Amino acid sequence: MSPSPQPVDVLIVGAGFAGLYMLHKARRQGLNALVIEAADGVGGTWYHNRYPGARVDIQSMEYSFSFDEALQQDWHWTERFADQPELLRYANHVADRFALRDGIRFNTRLNGADFDEAAQRWLARADSGERWSARFLVMACGPLSSPNQPDFPGLDNFAGRVLHTARWPHEAVDFSGQRVGVIGTGSSAVQAIPVIAAQAAQLTVFQRTATYAVPAHNGPLDAEFEAGIKAEYAAFREANQRMMGGFGSLQPPNRISALAVSAAEREAMFEDRWQVGGFGLLGTFSDLIVNPAANELACEFVRNKIRATVTDAATAERLCPSHPIGCKRLCVDTGYYASFNRPNVQLVDLQQSPIEGFTPQGLVAGGVDHHFDALVLATGFDAMTGTLLKLDLRGRGGRRLQDHWRAGPLNYLGLTIAGFPNLFNVAGPGSTSAFTNVIVSIEHHIDWIADCIAYLDANGLATIDATPEAEADYVAHVNTVAARTIYLNCNSWYLGANIPGKPRMFMPLFGYPAYVQRCAEVAAQGYAGFVLA
Ligand code: NAP
């Protein structure tokens with residue numbers, strides 16, 4: 001007979017940034033908390049995504065925890081945009097600095113959890129056979145943690161090595177002298193392609209949808225810049241809190257329409273931001289995300305950059321995207337488009353030449369045989385819902401999450417799910433996480449959850465559960481906000497459109513400050529929209 005479940009106040013799933021901060025925060029609140037983590041180390045995204053060129057697309061000085069002044073003063077980033085090894089070192093530093101490791105059970109994967117209505121607790125079980133009885137279940141698994149491995153018929157025929165960017169091996173992968181194929185041209189591919197191109201004998205990029213990429217202009221972190229931020233770190237964090245994405249206060253959006261200036265002025269303003277690099281390009285004008293005509297001007301600016309960079313005119317045209325810029329997550333690159341000028345790199349447009357099948361030597365697309373020794377799948381994630389839906393989570397009355405989310409991920413405040421009391425989902429659907437500096441979103445969520453638990457405890461309450469009405473209203477709100485933007489005008493992972501058969505529902509909320517305000521108001525009103533018992 002299996003031993004009885006171990007009691008904990010808070011069971012946290014995942015030891016990425018969200019899980020680490022939740023554990024720290026829960027402990028400081030006097031709660032008995034445990035993290036279970038399937039991997040053998042901390043870091044989440046930065047543990048798994050070790051592909052060549054992997055680095056953050058938000059500036060390092062912003063992409064870090066703000067909850068501890070000594071931490072943010074002591075930590076030194078070496079580059080403007082930190083790379084994956086440095087980000088993983090940071091996650092490990094946080095785990096050690098706050099003595100978190102003894103609260104993390106590594107190599108332990110959650111299988112499922114049932115809400116026991118009599119006990120008002122979650123009964124959770126892991127693949128190790130261990131079980132826990134938890135008052136609160138915090139899903140800190142990350143919105144981009146289930147790799148999308150498309151069902152390519154015949155892939156098994158390929159005799160070479162197949163790698164996925166999101167499950168990259170820990171040991172170095174050496175492509176020297178090899179022929180490599182890459183499928184996908186999203187953020188992961190855009191970072192990996194220039195590095196692989198410089199190493200491999202030959203690289204073939206299979207593109208289904210062309211992508212917009214803005215230069216990172218990465219380099220060593222400027223010491224004066226770092227000192228300036230650190231002198232007023234709290235004020236810098238506060239300024240970022242007021243930004244739509246919780247970042248970018250160093251280059252706030254301009255308050256002028258793209259349609260209100262002359263063509264020459266517009267070009268100069270886009271160029272200014274292009275020279276700075278990063279996401280700031282989307283803030284060149286106030287209406288790029290809400291007005292398709294304004295957006296198209298930004299699209300054409302980037303297309304002209306592609307045409308000016310890529311010497312072969314036909315390849316340049318194939319690299320020019322046609323969807324609105326920003327509709328899919330903008331990529332931040334170092335030499336992506338220029339990689340296609342290398343004699344060892346070729347582009348295959350899958351729209352014109354679809355994949356027909358795989359051979360031991362490679363694949364056939366549009367009737368042409370492509371041979372390679374290794375294939376890199378840079379095909380992204382089953383975003384925002386994939387990880388939770390792989391679990392067997394059952395709320396009140398044994399209702400399965402798969403049934404509750406059949407038509408899309410219903411949620412209230414992007415944090416809770418009606419009928420799944422005391423379960424909190426960090427940075428999930430309905431939250432602004434996907435549009436933000438995710439560490440800012442994580443800190444906001446964890447603080448909200450910790451305050452909520454403290455409120456329940458202070459008022460002698462056992463459970464909090466969203467009402468179905470609040471949930472329905474909230475999901476409608478997320479979609480109303482999206483409908484005012486260009487975000488519904490392409491097939492993005494925000495919509496679930498990258499996964500065949502996934503319900504098409506816009507999942508993230510746009511606008512971080514208004515979201516934070518709404519979450520605060522709900523709490524201030526005694527958790528309006530929830531049943532507390
Ligand atoms: P992604 O943006 O979803 O890109 C996946 C790529 O694979 C797309 O080009 C997609 O084409 C292609 N693809 C998917 N299924 C395919 C199929 N069956 N056949 C052919 N092509 C297929 O995934 P990602 O690049 O891993 O990035 C996901 C998110 O992770 C990003 O948006 C970002 O939020 C985050 N990320 C951030 C960074 C960073 O810079 N810090 C780096 C990597 C990832 P379609 O466009 O046609 O679907």
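Everything numeric in this text was worked out from a predicted model, so none of it was measured. Indexing begins at 1, ligand by ligand and atom by atom, following the structure's order.
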For Thr185, the ligand 1 atoms with a heavy-atom partner under 4.0 Å come out as 6 (C), 8 (C), 9 (O)

Do Leu401 and Leu391 have side chains that get closer than 4.5 Å, going by heavy atoms?
no

Quick look: Phe152 vs ligand 1, heavy-atom contacts under 4.0 Å, and the answer is side chain

To the nearest 0.5 Å, atom CG of Asp68 lies from atom NE2 of His24 at 6.5 Å

Logged contact type for Ser188 with ligand 1, heavy-atom cut-off 4.0 Å, is both

Sorted by chain and residue number, the side-chain contact (heavy atoms from CB on, under 4.5 Å) partners of Ala216 (sequence neighbours excluded) come out as Phe81, Asn218, Val332, Thr334

| query | Are Glu62 and Arg237 close enough for a salt bridge, meaning some N to O gap below 4.0 Å? | reply | no

of all protein heavy atoms, closest to atom 35 (C) of ligand 1 is Leu144 CD1, 3.7 Å

If you scan protein heavy atoms around atom 2 (O) of ligand 1, the nearest is Gly186 CA, 3.7 Å

Subject >> Within-shell test, Tyr51 vs ligand 1, heavy atom, strictly < 4.0 Å >> reply: yes

**Request:** Quick one: sort the Tyr21 and Phe67 rings into parallel, tilted or perpendicular, breaks at 30° and 60°.
**Result:** parallel

Between ligand 1 and Thr165, is the shortest N or O to N or O distance under 3.5 Å?
no

Under 4.0 Å from one or more heavy atoms of Gly380, ligand 1 contributes atoms 3 (O), 5 (C), 23 (O), 24 (P), 26 (O)

Counting from 1 in the order shown, the ligand 1 atoms closer than 4.0 Å to a non-hydrogen atom of Lys328 are 45 (P), 46 (O), 48 (O)

- Message: Between the side chains of Glu79 and Arg55, is the shortest nitrogen-to-carboxylate-oxygen separation below 4.0 Å, so that they form an ion pair?
- Response: yes

So the atoms of ligand 1 within less than 4.0 Å of a heavy atom of Gly184 turn out to be 6 (C), 7 (O), 9 (O), 12 (C)

- Item | Asn491-ligand 1 polar pair, N/O distance under 3.5 Å | no

Logged contact type for Leu350 with ligand 1, heavy-atom cut-off 4.0 Å, is side chain

Angle between ring planes, Tyr515 versus Tyr474, binned at 30° and 60°: parallel, tilted or perpendicular?
tilted

Arg329/Asp57 ion pair, N-O < 4.0 Å: yes

For atom 45 (P) of ligand 1, the closest protein heavy atom turns out to be Thr209 OG1, 3.4 Å

Quick check: Ala378 and ligand 1, any N/O pair under 3.5 Å apart? yes

The closest protein heavy-atom partner of atom 40 (O) of ligand 1 is Gln191 NE2, 3.0 Å

for atom 17 (C) of ligand 1, nearest protein heavy atom and its distance come out as Arg208 NH1, 3.3 Å

A student checking ligand 1 against Ile183 at a 4.0 Å heavy-atom cut-off should list atoms 20 (C), 21 (N)

- Query: Judged by non-hydrogen atoms, does Arg55 sit under 4.0 Å from ligand 1?
  - Reply: yes

Please step through side-chain contact (heavy atoms from CB on, under 4.5 Å) for the pair His445 and Met22, ending with a clear verdict.
-> CA-CA 9 Å; His445 269 189; Met22 186 72 241; over 6 Å; no

So the atoms of ligand 1 within less than 4.0 Å of a heavy atom of Pro150 turn out to be 15 (N), 18 (N)

Assign the ring pair Trp77 / Trp75 to parallel, tilted or perpendicular, where the plane angle (0 to 90°) is split at 30° and 60°.
perpendicular

Q.
Tell me whether Glu171 is salt-bridged to Arg50, with the criterion being a basic N under 4.0 Å from an acidic carboxylate O.
A. no

Ranked by distance from atom 29 (C) of ligand 1, the top protein heavy atom is Trp493 NE1, 3.6 Å

Quick one: are Val364 and Thr359 in side-chain contact, heavy atoms under 4.5 Å? yes

Within the 4.0 Å heavy-atom cut-off, what Val56 brings close to ligand 1 is backbone

For atom 38 (C) of ligand 1, the closest protein heavy atom turns out to be Ser187 CB, 3.9 Å

Item to complete: Using the six-membered ring wherever Trp is involved, compare the ring planes of Trp274 and Phe301 and label them parallel, tilted or perpendicular (cut-offs 30° and 60°).
Response: perpendicular

